[in-house]
2 protein chains.
Amino acid sequence: MQKKVTIHDIAEHLQTTAATVSRALNDHPAISERTKKKVREAAQQLGYERNQLASALRKGSSQTVGVIVPLADRNFFSSVVSGLQSVLNEQGYNVIICQSNDQLEKEIQNIDTLLNAQVDAIVISISKESIGKNTHLHKVVEQGTPLLMFDRIDSTVKADRVCINDIEGGRLATAHLLQQKDVPIACLHSSLSLNIYKDRFKGYQLALEEKEKAFIPEYCLQVESSIEAGYQGMKQLLERLSPPFGLFCTSDYTAIGAMEYLKELKYTIPEDVHIVGYSNEPLTAYLCPPLSTIDQKSKQLGMQIGAQLLQRFKTLTTPPKIIDLLPELLTRTSSLS
Amino acid sequence: MQKKVTIHDIAEHLQTTAATVSRALNDHPAISERTKKKVREAAQQLGYERNQLASALRKGSSQTVGVIVPLADRNFFSSVVSGLQSVLNEQGYNVIICQSNDQLEKEIQNIDTLLNAQVDAIVISISKESIGKNTHLHKVVEQGTPLLMFDRIDSTVKADRVCINDIEGGRLATAHLLQQKDVPIACLHSSLSLNIYKDRFKGYQLALEEKEKAFIPEYCLQVESSIEAGYQGMKQLLERLSPPFGLFCTSDYTAIGAMEYLKELKYTIPEDVHIVGYSNEPLTAYLCPPLSTIDQKSKQLGMQIGAQLLQRFKTLTTPPKIIDLLPELLTRTSSLS
DNA sequence: TTGTAGGCGTTATCAG
DNA sequence: CTGATAACGCCTACAA
């Protein structure tokens, strides 16, 4: 273990003082160019590297942002983190990642951890269990740490938000289905207590309304966002209506499960049932048939979050900013007539 | 912005001193239970939370581990990070994530960033450009920060390693193909300068040898690990041999591209060409046909990395540990005769 | 069992 | 323009 070189070492080397070295390295205006140059050269030569910890302690800013996601290995979240990380890293910020596993308790613990680590901001997509439970989120805000919610949010918390417009996503998908064929459009949606699914479902209803089609509750079923649940959901739906019909799923996983069941029964897609999913999961373009879906621009979303944070660091007191991104419909074979 | 509660506040509150409070909170043996209890209660009541930064600076341990991956949104890597994070978080460690974008320069920069942040260890899967360039890796080791390489490694660096046995993976896949039909087995592999692809290819050759089949270089082609490259690769391969044959791809993406081209030419899989990919990317089980592949146990891999790090923190001087995990063959329709 | 004092490496304030 | 000094919050010899 080599001992690290500090600004004191540089100061000694140059017969000056740590204060001057510090200022020179921070490009302080009241330091002569000549001194700055000498200091930088010495620093380089001695292999100096600033101790972020000490700097952070003194400045009260750790140059670090914490992110809490339900699951770090879900493509949507890892993609958001990737975008966020790339933007923040460029500006000298680090990103600490935490997972709530969709559990409230773990989420609370994550927040404590991040606050202890003195992060400059916390970015979060809340867990399923956190719906309505928001004292931990309020705590962050009151305590003065900038908070930014994305995707799954709690609308009672006064904090920055970056969201995909899920109403528009649901509307786009459903309007597209309606445009294909004059048949009923069913919907497999996930828990409406989560804003994202509620909004997508709202968009579904909205599109029906716009085309003056009746909203038929029997054609809508709530299922988990998983392949298995989609499979079972489809099974139930087929007891309530028969092909041909259209189907909007609020998640690609659900859509895939539904397709599996339909294929088992030898129905053809899109002829018998035309389908749109949601999220543009990787490889959905290579399913049989390729799955139409709503792209959430996850990487851009992450980059947008990063940009907003940098903005927030500059103006800490401005009111919360709400950023609304538009999703995009990707029409592939599964929905085309 | 509320001012934070410090151990001094607690000390004052209890008419004692910060040292005692610190010791009590750290469960120091030389503190009476009574005092500990009082301190803990007061801490709770005043809403004290330890400042990790200050603690880290003092102790020289930040309770933080840095991870550098080529791309954070690739399923394999996000899955490893997820597993790693879950293990380390449990033990009070945080995980900082960095991306090299497969660029050497960025990787060097990432390492500097992490060292500045005083991380307790660095976990890395090296970039494509880093092959043979390892001064930055040696620097980490010499400087005394534990280094752990996984997946893509540099074998000249003396550091812990956690790897999937890619030779075995390649062997498993190829042996399985050989077992299906007595036809030639082709191979689309990616750059052999990366250990992972080199080993998978070695495994391919090994399996041929074991069955006393000739290794025919013309049936092997180097392509990028992407769908497009797999598509083009298949096109070229078909100029050199005709179905029926078997195909081992060192990546699922390559395999998917190959399948796409074959399907375009109306060849059937697995009848005309039977295929095995590599990585078990999400949704490969739902392709047409479902793709046989090698599962890399990425989450377990991440957890294993975490466990090894915790071990390493306890015994800093023991020689590098090399952990070798076995992959698993998942036989799905694409390869079954 | 507890208190005192000093320092981890940096930066901000205040002089000069 | 630069130097001295004191913090940031915590931990740990050493002393009592």
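Lettering follows sequence order; numbering is per chain, from 1.
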Let's go through A:V95 and A:V123 carefully: what are the C-alpha distance in whole Å and the side-chain angles of both, what is the deciding distance for side-chain contact (heavy atoms from CB on, under 4.5 Å) to 0.1 Å, and is it a yes or a no? CA-CA 10 Å; A:V95 173; A:V123 173; over 6 Å; no
Evaluate the side-chain proximity of A:F76 to A:D151: yes if any heavy-atom separation is below 4.5 Å, no if none is. yes
B:I124 CD1 to B:I111 CD1 distance, which is reported to the nearest 0.5 Å: 4.5 Å
Between C:dT2 (P) and B:D27 (CG): distance, integer Å: 13 Å
Is the shortest distance from a Lys or Arg side-chain nitrogen in B:K139 or A:E49 to a carboxylate oxygen in the other one below 4.0 Å? yes
Looking at B:I122, B:V119, B:L88, which one forms a side chain to side chain contact (heavy atoms under 4.5 Å, CB included) with B:V65? B:L88
Using a cut-off of strictly less than 4.0 Å, decide whether B:S32 has a side-chain nitrogen or oxygen near OP1 or OP2 of C:dT2. yes
Who are the salt bridge (charged side-chain N to carboxylate O under 4.0 Å, His left out) partners of A:K128, not counting sequence neighbours? A:E224
Value in whole Å for how far the C1' atom of D:dC1 lies from CD of A:E33: 13 Å
Nearest-angstrom distance from the residue atom CD of A:E12 to P of D:dG3: 14 Å
Find the bend of the helix from C:dT1-D:dA16 to C:dG16-D:dC1 as the angle between its two terminal axes (five pairs each), to the nearest 10°. 40°
OP1, OP2 of D:dT2 versus side-chain N and O of A:T35: anything below 4.0 Å? yes
Write down the distance between CD1 (A:I10) and C1' (C:dT10), rounded to a whole number of angstrom. 12 Å
Under 4.0 Å protein heavy-atom contact, by nucleotide of nucleotides 7-13 of chain D - B base, S sugar-phosphate only: BBBBBBB
Considering only distance and modelled atom types, tabulate donor-acceptor pairs under 3.5 Å from the side chains of residues 31-45 of chain A, sequence neighbours left out.
residue, atom, partner, partner atom, Å
A:S32, OG, A:T35, N, 3.2
A:S32, OG, A:T35, OG1, 2.6
A:K36, NZ, A:D27, OD1, 3.0
A:K36, NZ, A:H28, O, 3.0

Could you go through residues 315-325 of chain B and list every donor-acceptor pair under 3.5 Å that involves a side-chain atom there, pairing it with any protein atom two or more places apart or in another chain?
residue, atom, partner, partner atom, Å
B:T315, OG1, B:T318, OG1, 3.3
B:T318, OG1, B:R312, NH1, 2.9
B:T318, OG1, B:T315, O, 3.2
B:D324, OD2, B:N165, ND2, 3.0

Measure from CG on B:L25 to C1' on C:dT2 and round the result to the nearest Å. 15 Å
Check salt bridge (charged side-chain N to carboxylate O under 4.0 Å, His left out) between B:R23 and all other residues, then give those that pass, not counting sequence neighbours. none
From CG of A:L14 across to C1' of D:dG3 the rounded distance in Å is 15 Å
